[in-house]
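Below you'll find the structure, written out as structure tokens, and then a few comments.
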Protein chains: 2
Amino acid sequence: MSRYYRGMSRDAPEKRSTSKQMRSATVYSTLRTQILHGEFGPSEPLKPQQLASSMGVSLSVVREALQQLIGEGLADRHANRGFSVPAFSDLRWQQIAEARRTLESSMLRMSIERGDVEWEARVRGSHHRLYRTPLRAATDDPYISDEWASAHHAFHRALLDGCGNPVLLETFDRLWTASELARRWAERGPVRDYVTEHSRLEEATLARDADAAADLLGQHLTLTAAALSS
Amino acid sequence: MSRYYRGMSRDAPEKRSTSKQMRSATVYSTLRTQILHGEFGPSEPLKPQQLASSMGVSLSVVREALQQLIGEGLADRHANRGFSVPAFSDLRWQQIAEARRTLESSMLRMSIERGDVEWEARVRGSHHRLYRTPLRAATDDPYISDEWASAHHAFHRALLDGCGNPVLLETFDRLWTASELARRWAERGPVRDYVTEHSRLEEATLARDADAAADLLGQHLTLTAAALSS
DNA sequence: TCGGCACTGATAATCGATTATTTAGGGTTT
DNA sequence: AAACCCTAAATAATCGATTATCAGTGCCGA
């Protein structure tokens, strides 16, 4: 018999993407999720040894995953001092929010100018999904549900993706990720009326009213920022 | 004698930052420079083994450096297929240029609105340095000199850094890097009158004429894009 | 002859162990 | 008592070797 392994090529070809995924990719997404869920506090060290043994992989794999997280802004590294979860100051958070206002209002205008019917459909669809998704899994849950967070991202992304520029969209995703991290750490602030805010934003956008839509988006982001620094 | 090494703590404390730098950091900057110099063609594979032996380090170090490059957009990775230099299509390049026009014109307006005297000084200073730096080291050199490239980046960055938002500036740097890569691979196109373009840009900016400055910057970026896709 | 399957060599991914650095603590000197 | 050197433990960085995967090659049967 051959000493070469050719596992499950017959039985489960569709599982390929799951089962053949690199370990580092698995560790990466696990860690990413944990960090975004706030399972590590700000500035908390991410110790490779510890993570490696708890996840049953070797150091190299963990290190590789951590490097990827650094590239995405979800981890910091200090020479000879290891890795840690980044710590954002209030100032930093305000800067991220301002960067988003600057970038996203331009992108929204571009979308409104260029977006086709397919784009309109994506906006309506993603808004519907967001509208239908409860903010919290259980009413007494302290944290926002993953489903809502995902639908929220999808809606905002759909608003902007009519611009048709993947480079701008990648930039948007990067800033979004940073915002999500801050959001989890600062889940205090007043209860927002997200439903109304998002509905108005959808309306103005689909009515192709660029000034109103950009303005609503700006307010939306300002409110988010305010909730965090209060 | 102790088996613990406490090297050069007396003789050369200032060399610490250089001599103690992590190997991965050294390999990273070496590779980064080589890639930006076009020493590897588009899509050319970056083989860890080969790089490791040629640089006299182990695989882990090279892999770590490559991961960092991926985070910066200067390398691609294909699962089980290794690393490579990214290949940019003409379309991609146009998208990067558009993203820069979008982002940088907003940032320039913010700078003009907010910039203080220190900012004005940085603009003048960096323009002066750029003005005084020859485009090519030798007149018959095919490639633009590192000094000019560095001065060019510094000038454009100075124009924008009056906005005072480091998040936006990081975003600018990221897009700039991508542009530099494309620039090296497409050093054809007509000879530009960079000197005049930059001088006009400086003038309009320091005159606080936001519309004119944003317009000049937009043209500048459009010309750069055109030179690449022609 | 044309696929398809087993084999192989090259290279990627992962591991376990080694080397280097930082930090905290204990003892000694001024 | 404060400052200093030394030591050692923790952990980061690096290495060498092992295991897994891919792409090509040639054999075989329809």
Side-chain angles (χ1 to χ4, degrees), chain A residues 1-13 15-31 40 43-70 75-85, chain B residues 1-13 15-31 40 43-70 75-85:
Chain A
M1 184 185 181
S2 164
R3 68 192 164 94
Y4 292 90
Y5 174 64
R6 205 173 298 100
M8 62 184 64
S9 56
R10 220 176 312 274
D11 301 323
K15 272 195 178 177
R16 187 187 179 87
S17 59
T18 301
S19 59
K20 286 220 187 177
Q21 197 177 42
M22 291 186 297
R23 289 197 219 275
S24 63
T26 308
V27 172
Y28 161 76
S29 53
T30 302
L31 271 177
F40 304 98
S43 295
E44 183 171 338
L46 296 164
K47 303 190 181 179
Q49 298 268 22
Q50 190 175 303
L51 295 169
S53 55
S54 85
M55 300 210 207
V57 296
S58 78
L59 285 179
S60 337
V61 173
V62 173
R63 278 180 146 264
E64 202 158 305
L66 287 169
Q67 285 283 356
Q68 291 179 243
L69 288 167
I70 288 174
D76 280 350
R77 186 179 192 179
H78 312 91
N80 291 323
R81 199 71 63 84
F83 304 84
S84 68
V85 175
Chain B
M1 184 183 183
S2 163
R3 68 192 164 96
Y4 292 91
Y5 174 65
R6 204 173 301 101
M8 61 184 66
S9 57
R10 221 176 311 272
D11 301 322
K15 271 195 177 176
R16 187 188 180 87
S17 59
T18 301
S19 59
K20 287 222 188 173
Q21 196 177 45
M22 292 186 297
R23 290 198 220 275
S24 63
T26 309
V27 171
Y28 162 75
S29 54
T30 303
L31 271 178
F40 304 97
S43 293
E44 184 170 338
L46 295 165
K47 304 190 180 179
Q49 298 267 20
Q50 190 175 304
L51 295 169
S53 54
S54 84
M55 300 211 208
V57 296
S58 78
L59 285 179
S60 338
V61 173
V62 173
R63 275 177 148 268
E64 202 158 305
L66 287 169
Q67 286 281 358
Q68 291 181 243
L69 288 167
I70 288 175
D76 280 350
R77 186 177 192 179
H78 313 91
N80 292 322
R81 199 69 64 83
F83 305 85
S84 69
V85 174

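Note that the structure is a prediction, hence the values are computed from the model and not measured. Order of the sequence lines sets the chain letters (A, B, ...), proteins ahead of strands, with each chain counted from 1.
- One atom, CG of B:L51, and another, P of C:dT11, lie 12 Å apart when rounded to the nearest Å.
- Taking atom CD on B:Q21 and atom P on C:dT21, their separation rounds to 13 Å, with Å as the unit.
- For DNA chain D, the residues of residues 54-64 of chain A within the heavy-atom distance limit of 4.0 Å (strictly under) are A:R63, sorted by number.
- The side chain of B:R23 contributes an N or O atom lying less than 4.0 Å from OP1 or OP2 of D:dC15.
- Put simply, CD on B:Q49 is 16 Å from P on D:dT19, counting in whole angstrom units.
- Summarising the geometry, the separation between CG on A:L46 and P on D:dT11 is reported as 14 Å, rounded to the nearest angstrom.
- The C1' atoms of five pairs define one axis at each end of the helix from C:dT1-D:dA30 to C:dT30-D:dA1, and these two axes lie 10° apart (to 10°).
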Ignoring hydrogens and angles, write down the donor-acceptor pairs under 3.5 Å from the side chains of residues 53-69 of chain B, residues two or more places apart or on other chains.
unit_1, atom_1, unit_2, atom_2, d
B:S53, OG, B:Q49, O, 3.2
B:S53, OG, B:Q50, O, 3.1
B:S54, OG, B:L51, O, 3.2
B:R63, NH1, A:E64, OE1, 2.9
B:R63, NH1, A:E64, OE2, 3.4
B:E64, OE1, A:R63, NH1, 2.9
B:E64, OE2, A:R63, NH1, 3.4
B:E64, OE2, A:Q67, NE2, 3.3
B:E64, OE2, A:R77, NH1, 2.7
B:E64, OE2, A:R77, NH2, 2.8
B:Q67, NE2, A:E64, OE2, 3.3

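- A straight line from CE of B:M22 to P of D:dA12 spans 12 Å, rounded to a whole angstrom.
- Rounded to whole Å, atom P of C:dT14 lies 11 Å from atom CD of B:Q67.
- Taken residue by residue, residues 78-85 of chain A places heavy atoms nearer than 4.0 Å to DNA chain C at A:N80, A:R81.
- At a threshold of 4.5 Å between non-hydrogen side-chain atoms, the residues A:L46 and A:S84 do not count as touching.
- Atom CG in B:L66 sits about 14 Å away from atom C1' in C:dA13, given to the nearest Å.
- Looking at B:P48 and B:F83, their side chains come closer than 4.5 Å, going by heavy atoms from C-beta outward.
- Spacing between atom CD of B:Q68 and atom P of D:dA13 amounts to 11 Å, rounded to whole angstrom units.
- Between B:S24 and D:dT14 there is a side-chain N or O to OP1 or OP2 distance below 4.0 Å.
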